[in-house]
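Contents: one structure, followed by commentary.
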Amino acid sequence: TFGRGILQGTSTWLQRSSPLPIDVRIHIDATESEVETGLIVEMLDLFKVHARRFRRLSLHLPSREMLSHASTSFLSDAPLLEDLELCLPSSETSWRKPQLFVIPFAPKLKALYCIGWKAFCSPNATFSNLREIRFDHYIPQPLAWEMLANGPNLEIVQMGLENDARFDV
């Protein structure tokens, strides 16, 4: 069960592992109703200070509020990030109203996998190392074209395009 002991252990691990790159996988099942949102936000805040060290980040959290906090908290600058996976449970996803997400500055990013998110680019995003893109929803055409045009190493692309009259396919 997720609780204060896990928070304390995580804090100790983060302090001891500094300054090395870290792989973070936080998967909290929606059925774990005893988990307090406050504890999860505290956990995410622990990681916020170490975002520049992320090498792999996988977040599967039970609600939009928690993932929204995560995306705005520590995905703004992640120079070591290679793999990014963000998922909302099916009960929280909607084809019409995905959670907004800005692709961070992550020059080493190789794989991007999003379920229930609508992505937009930060002005300094780069896709030169990107090998795999998977979105479960439609993304804006300008973003799709930017990823395809600036991703010379793309091998796997799974996405749909939003219909936008300004951009003809």
Side-chain angles (χ1 to χ4, degrees), residues 1-93 98-122 124-137 139 147 151 153 155-156 158-159:
T1 309
F2 187 83
R4 292 268 167 222
I6 290 177
L7 282 173
Q8 183 63 34
T10 301
S11 178
T12 301
W13 171 70
L14 287 168
Q15 290 169 1
R16 289 181 182 170
S17 66
S18 188
L20 301 173
I22 56 176
D23 297 347
V24 177
R25 181 177 175 164
I26 301 174
H27 288 223
I28 299 177
D29 198 358
T31 60
E32 295 184 42
S33 57
E34 70 275 3
V35 176
E36 286 183 39
T37 301
L39 286 176
I40 294 172
V41 168
E42 281 185 56
M43 170 76 78
L44 296 173
D45 286 343
L46 280 176
F47 284 108
K48 179 172 40 175
V49 179
H50 301 274
R52 295 185 57 79
R53 297 174 47 206
F54 291 157
R55 181 175 49 193
R56 290 182 189 89
L57 178 61
S58 177
L59 292 177
H60 292 237
L61 299 175
S63 74
R64 286 181 180 274
E65 293 77 26
M66 291 176 203
L67 276 170
S68 180
H69 179 78
S71 69
T72 58
S73 291
F74 54 72
L75 290 179
S76 59
D77 188 14
L80 302 178
L81 189 64
E82 295 178 7
D83 296 300
L84 177 59
E85 180 178 310
L86 300 172
C87 296
L88 282 169
S90 58
S91 62
E92 286 282 322
T93 59
Q99 181 68 38
L100 296 179
F101 157 64
V102 177
I103 297 171
F105 170 68
K108 294 184 176 188
L109 190 64
K110 294 178 185 173
L112 177 60
Y113 179 60
C114 296
I115 294 178
W117 289 82
K118 182 175 184 173
F120 294 93
C121 277
S122 66
N124 52 356
T126 178
F127 304 108
S128 58
N129 290 314
L130 202 58
R131 295 201 181 344
E132 181 177 351
I133 304 171
R134 294 181 192 258
F135 289 98
D136 74 329
H137 57 278
I139 66 171
M147 289 176 148
N153 297 310
E155 297 170 2
I156 299 170
Q158 177 184 326
M159 68 173 92

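None of the values given here were measured: they were computed from a predicted structure.
- Rounded to the nearest 0.5 Å, atoms CZ (R25) and NE2 (H60) are 6.5 Å apart.
- In this structure the side chain of L39 never reaches within 4.5 angstrom of the side chain of M43, judged on heavy atoms.
- In this structure, T10 contributes its side chain and I6 its backbone to a donor-acceptor pair below 3.5 Å.
- Atom CG in L44 sits 10.5 Å away from atom CD in E42 (nearest 0.5 Å).
- Across all non-hydrogen atoms, the minimal contact from P107 to N129 is O-ND2, 2.8 Å.
- Considering OH of Y113 and CD of Q158, their distance stands at 7.5 Å, rounded to 0.5 Å.
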Which donor-acceptor pairs under 3.5 Å do the side chains of residues 52-59 make with protein atoms, sequence neighbours left out?
unit_1	atom_1	unit_2	atom_2	d
R52	NH1	D77	OD2	2.4
R53	NE	L20	O	2.7
R53	NH1	L14	O	3.3
R53	NH1	H50	ND1	2.7
R53	NH2	S17	O	3.2
R53	NH2	S17	OG	2.6
R53	NH2	L20	O	3.0
R55	NE	D23	OD1	2.9
R55	NH2	D23	OD1	3.3
R55	NH2	D23	OD2	3.1
R56	NE	D83	OD2	3.2
R56	NH1	D23	OD2	2.9
S58	OG	H27	NE2	2.8
S58	OG	E85	OE2	3.3

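- Nearest heavy-atom pair across L80 and K108 is CD2-NZ, 4.1 Å.
- Between the CD1 atom of I156 and the CG atom of L130 there is a distance of 10.5 Å, given to the nearest 0.5 Å.
- From E82, atom CD reaches atom CG of L109 across 9.0 Å, with rounding to the nearest 0.5 Å.
- Minimum heavy-atom separation, R131 to N153: NH1-CB, 3.2 Å.
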